[in-house]
Every structure is written in C-alpha cells, then in structure tokens.
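Here's the structure, in structure tokens; my notes come after.
Reminder, nothing fancy here: chain letters follow the sequence lines and each chain counts from 1.
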There are 2 protein chains.
Amino acid sequence: MSITGFEDMLERHDLKKTRPRLSVLNILSKRQAATSQPDLEEVLGNEVDRVTLYRVLKTFEEKGIIHKILDVNGTANYAMCGPACSEHSHYDEHVHFNCTVCFRVYCLDHLAIPKLSMPHGFEAGTVNLIVYGICGDCSKKAAAYKAAEDKVSS
Amino acid sequence: MSITGFEDMLERHDLKKTRPRLSVLNILSKRQAATSQPDLEEVLGNEVDRVTLYRVLKTFEEKGIIHKILDVNGTANYAMCGPACSEHSHYDEHVHFNCTVCFRVYCLDHLAIPKLSMPHGFEAGTVNLIVYGICGDCSKKAAAYKAAEDKVSS
DNA sequence: TTTTAAAAGCATCTTAGTTGCATTTATTTT
DNA sequence: AAAATAAATGCAACTAAGATGCTTTTAAAA
Ligand SMILES: [Mn+2]
Ligand SMILES: [Mn+2]
Ligand SMILES: [Zn+2]
Ligand SMILES: [Zn+2]
C-alpha cells in the first residue's frame, strides 16, 4: 500500500498522521508473517520511543487496523487485519501457525476456526487457535539439509 | 488424592518427595480450574521460594504431570494432566476457556480440538485452542444481578 | 497565525520469568 | 546408623515485556 493509502487509513479512523504510526503501518503491511513487539522495537531502533510503539499498537488494535497474536512465549505479535475489521468488531477468526524453529507467526487467513459448542452456561466470545509446528520454509530447509547429508555419507 | 498418592506419583517419575512439590500437587489437584503462576505464588506465600516454584512447575510439565495454558495476558496457568500424559507425550489436546470476567481458565476436557488441515509444507505439532468469553459462574451472577435490578425498577 | 487536543517522549515502575551459585536434603551406599 | 552424593532448594541479581504519570511537541482546526 502507498503512503497516501496509509494516510487515508489513519484519517478514516480519526487518527493523526504521525511518523510513528506511518512507520508501523509500513513495516507490518509489507510482512507476510506477524511481527512481535520486540522485533518492531528493534527494526524501529531509536526512530520511535518504546512507549509510543506500545501505544500505537494498542490504538491500531482497538481501531481494528491490526490484530494481536500471542506466541508460544506469551509475547505479542501483530499482523494487519483484513478489510472486515473495524473499531466495533474484529473478524480475525482464522487459525494462526507458530513455527517452533524460526518462531514466525503466520496468519492462515483461509483456514477458519471450526465452530465449537460450549458447555451449558458458558458464553463464547472470541476464539484463539494457534498451531505450533514447523513452517514451510523450515521444513524445506530441513529436507535440503538431510538430502545434502545423505549425499556426503554415500 | 491422598498424600501417599502424590508421593507415589513423584516416585513413579523419579522425583524426590519434597515439600514444595507436594504443596504444588495439593493445590493444583483440588482445583477445578487452572491456576496461574502468580496465584500459586500468592497461595504458597513464603512457604516456597519463587524460583523453586518455577522449577517445580517446569519439571512437572516435562514429566507430563501438569500442563500449561497461556491466558489472554500471556501468563502461564497450570492444571493437572489426565492419566494419558507421560514424560514422552502430552495428550492435553482439549479446548480451554478463559473467562474475561473472573479470568479463570477452565479445561474443557471433553471438548476435543477439531482436526485441521495445514497448508502445504506446514507440519502441525501441538494445537492450542482457547475460547475467551463468560464462564458459567459469571453469567449466572450477571443474570441474578439483572433480575434483582429489574425487580427494583418495577 | 493562533489555539488546542492528541500524540510523542522520557523517566520510572511493575512483574513474569531466568541464571548462577551456595546451601540443604532425600535417597543411596557402605 | 553413618557417610556419601546427586538432586533440589534458597538467595541474589538480572532480563525483558509492558504500564503509568507527566512534560513537551505537533497535527490539525479555528
Ligand atoms: Mn491473523
Ligand atoms: Mn487443560
Ligand atoms: Zn519456521
Ligand atoms: Zn468467570
């Protein structure tokens, strides 16, 4: 998305067009995987204050611009929301995948969370479904490594 | 479970029978909901050192005696495992419920996690499915409160 | 251009979780 | 029963995510 695209997006949500916000949108929108808060902090360096980053992320989440995924360590990861999200409701009920090798968090946008029937008296709100395992990249690498190893030892 | 029961359990897992371990087993086994690390810390007071508690929990998890559930805040909660768990594999693939009012974490032991088909190349390991919402207790209380309110205003 | 509410920045704090090392203790061996 | 030992506890110090309060800056409106 273009800079003006992001500026429009901020305007639509009644948010001021500031450098920290535009930086965060730029980073998150060009990533296919979700990004952890510490990662964002590192990428931004001293360009943006730590606290400002937390506040930007919180605001974006509330406005339905990004959604938060807690990884296996309980750390917050963020990814852009789809077009269906708004201030009033998130529609991010897709499965997430957390690679235990590279720790990347993927949004499996096209894998919807199955319907579940709650026990009597329990009212379900949002559902968080995260699969831990080995991602495409990492299993490919592992396979390549194994092939090379086999060749050497033959 | 009786004290001797816990002692046998520790022995079966080649763990020494120590006070911190027995205390933790006592607390967790008599709770129906999972217990957070900070809760355990508070209940134990200065009876057990903070670090020891962390280590006991880690050991028990590795041995398949308890399992960990990350709540909405990313905090670790612990509950006893079923009889199928062992050092070599956990069978805790049931749904968890995290109440957004009282923050309790319930094991929905009888609600299995649905099978999911991963995208090509992704290898699924364990699956974490947590439903956020209002638990039976809290929705009952809310209903009672509303009924009382209606009576007054009539 | 002035005004102002919102946002950024900065210092400080809180708390979950970890690490290293010295001391204690449950269990084994003699 | 006493000694030996590996395992576990306790303590101090540290790390890192996240929050809070307050001041200064700035985007946008008047
Ligand atoms: Mn997602
Ligand atoms: Mn459970
Ligand atoms: Zn990976
Ligand atoms: Zn509740």
Side-chain angles (χ1 to χ4, degrees), chain A residues 3-4 6-27 34-63 65-66 68-78 87 98 103 105, chain B residues 3-4 6-25 34-63 65-66 68-78 87 98 103 105:
Chain A
I3 291 286
T4 27
F6 293 142
E7 295 196 341
D8 288 355
M9 174 179 257
L10 290 175
E11 196 159 11
R12 275 199 305 280
H13 289 95
D14 290 305
L15 296 172
K16 287 187 183 177
K17 299 156 199 163
T18 65
R19 206 180 57 149
R21 286 176 178 163
L22 289 168
S23 302
V24 170
L25 288 178
N26 258 300
I27 295 170
T35 309
S36 70
Q37 190 282 328
D39 262 25
L40 281 166
E41 205 177 310
E42 203 195 319
V43 172
L44 290 165
N46 52 6
E47 185 187 326
V48 174
D49 184 78
R50 258 171 52 76
V51 177
T52 301
L53 173 58
Y54 278 110
R55 291 199 270 233
V56 165
L57 294 170
K58 197 180 170 201
T59 305
F60 283 0
E61 203 195 348
E62 284 164 1
K63 293 284 184 173
I65 297 172
I66 63 176
K68 173 159 75 176
I69 310 111
L70 295 178
D71 67 20
V72 67
N73 304 119
T75 308
N77 286 250
Y78 295 92
E87 181 157 7
N98 193 186
F103 294 106
V105 172
Chain B
I3 290 289
T4 27
F6 293 140
E7 295 195 343
D8 289 355
M9 175 180 257
L10 290 175
E11 197 158 9
R12 276 200 305 279
H13 289 95
D14 291 306
L15 297 172
K16 288 188 182 175
K17 300 156 199 162
T18 65
R19 205 181 56 149
R21 286 174 177 165
L22 290 168
S23 302
V24 169
L25 288 177
T35 309
S36 70
Q37 191 281 330
D39 262 27
L40 281 167
E41 206 177 310
E42 203 195 320
V43 172
L44 290 165
N46 52 7
E47 185 187 325
V48 174
D49 184 77
R50 258 171 52 75
V51 176
T52 302
L53 174 56
Y54 278 108
R55 291 198 271 232
V56 166
L57 293 171
K58 196 182 171 197
T59 305
F60 283 0
E61 203 195 348
E62 283 165 3
K63 293 284 184 174
I65 298 172
I66 63 176
K68 172 158 75 174
I69 309 112
L70 295 178
D71 67 17
V72 66
N73 304 119
T75 308
N77 286 248
Y78 295 92
E87 182 157 7
N98 192 187
F103 293 105
V105 172

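Dashed line: the shortest gap from a side-chain N or O of B/Arg21 to OP1 or OP2 of D/dA8 is under 4.0 Å. Neither OP1 nor OP2 of D/dA8 sits under 4.0 Å from any side-chain N or O of B/Arg55. Side-chain N/O atoms of B/Thr52 include one lying less than 4.0 angstrom from OP1 or OP2 on D/dG10. Distances shorter than 4.0 Å separate some side-chain N or O of A/Thr18 from OP1 or OP2 on C/dA8.
Within the 4.5 Å cutoff, the side chain of B/Ile65 has heavy atoms near those of the B/Leu15 side chain.
Considering only side-chain atoms of B/Ala76, the nucleotide from C/dA8, D/dG10, C/dG17 that sits closest is C/dG17. Listed candidates were D/dA7, C/dG9, C/dA7. Nearest to the side chain of A/Lys16 is C/dA7.
At whole-Å resolution of the value, OH in A/Tyr54 and C1' in C/dA8 are 16 Å apart. The distance between atom CG of B/Leu10 and atom P of C/dT27, rounded to the nearest whole Å, is 9 Å. For B/Glu11 and C/dT28, the CD to C1' distance is 13 Å, given to the nearest whole Å. Spacing between atom CG of B/Leu70 and atom P of D/dG18 amounts to 12 Å, rounded to whole angstrom units. Atom pair A/Asp39:CG and D/dG18:C1' shows a separation of 16 Å (rounding to whole Å applied). One atom, CG of B/Asn46, and another, C1' of D/dA12, lie 17 Å apart when rounded to the nearest Å. Between B/Leu44 atom CG and D/dT9 atom C1' there is a gap of 14 Å when expressed in whole angstrom units. At whole-Å resolution of the value, CG in A/Asp49 and C1' in D/dT26 are 16 Å apart.
In the interface, the side chain of B/Arg50 is paired with the base of C/dG17 through a donor and an acceptor atom under 3.5 Å apart.
The 5' end of DNA chain C is approached more closely, in terms of each residue's nearest nucleotide, by A/Thr59 than by the other of B/Val51 and A/Thr59.
Distance check, rounded to the nearest 0.5 Å: CD1 of A/Ile27 to CG of A/Leu44 gives 4.0 Å. Note that the CG atom of B/Leu53 and the CD atom of B/Glu47 stand 10.5 Å from one another [nearest 0.5 Å].
Screening B/Val56, B/Val24, B/Leu57 against B/Ile66 for a side-chain contact (heavy atoms from CB on, under 4.5 Å) leaves a single residue, B/Leu57.
Under the 3.5 Å distance criterion, the side-chain polar atoms of B/Thr75 are left unmatched by any main-chain donor or acceptor of B/Asp71.
Among the atoms of the strands shown, only primed sugar atoms or phosphate atoms (P, OP1, OP2) are found under 4.0 Å from some heavy atom of A/Gln37.
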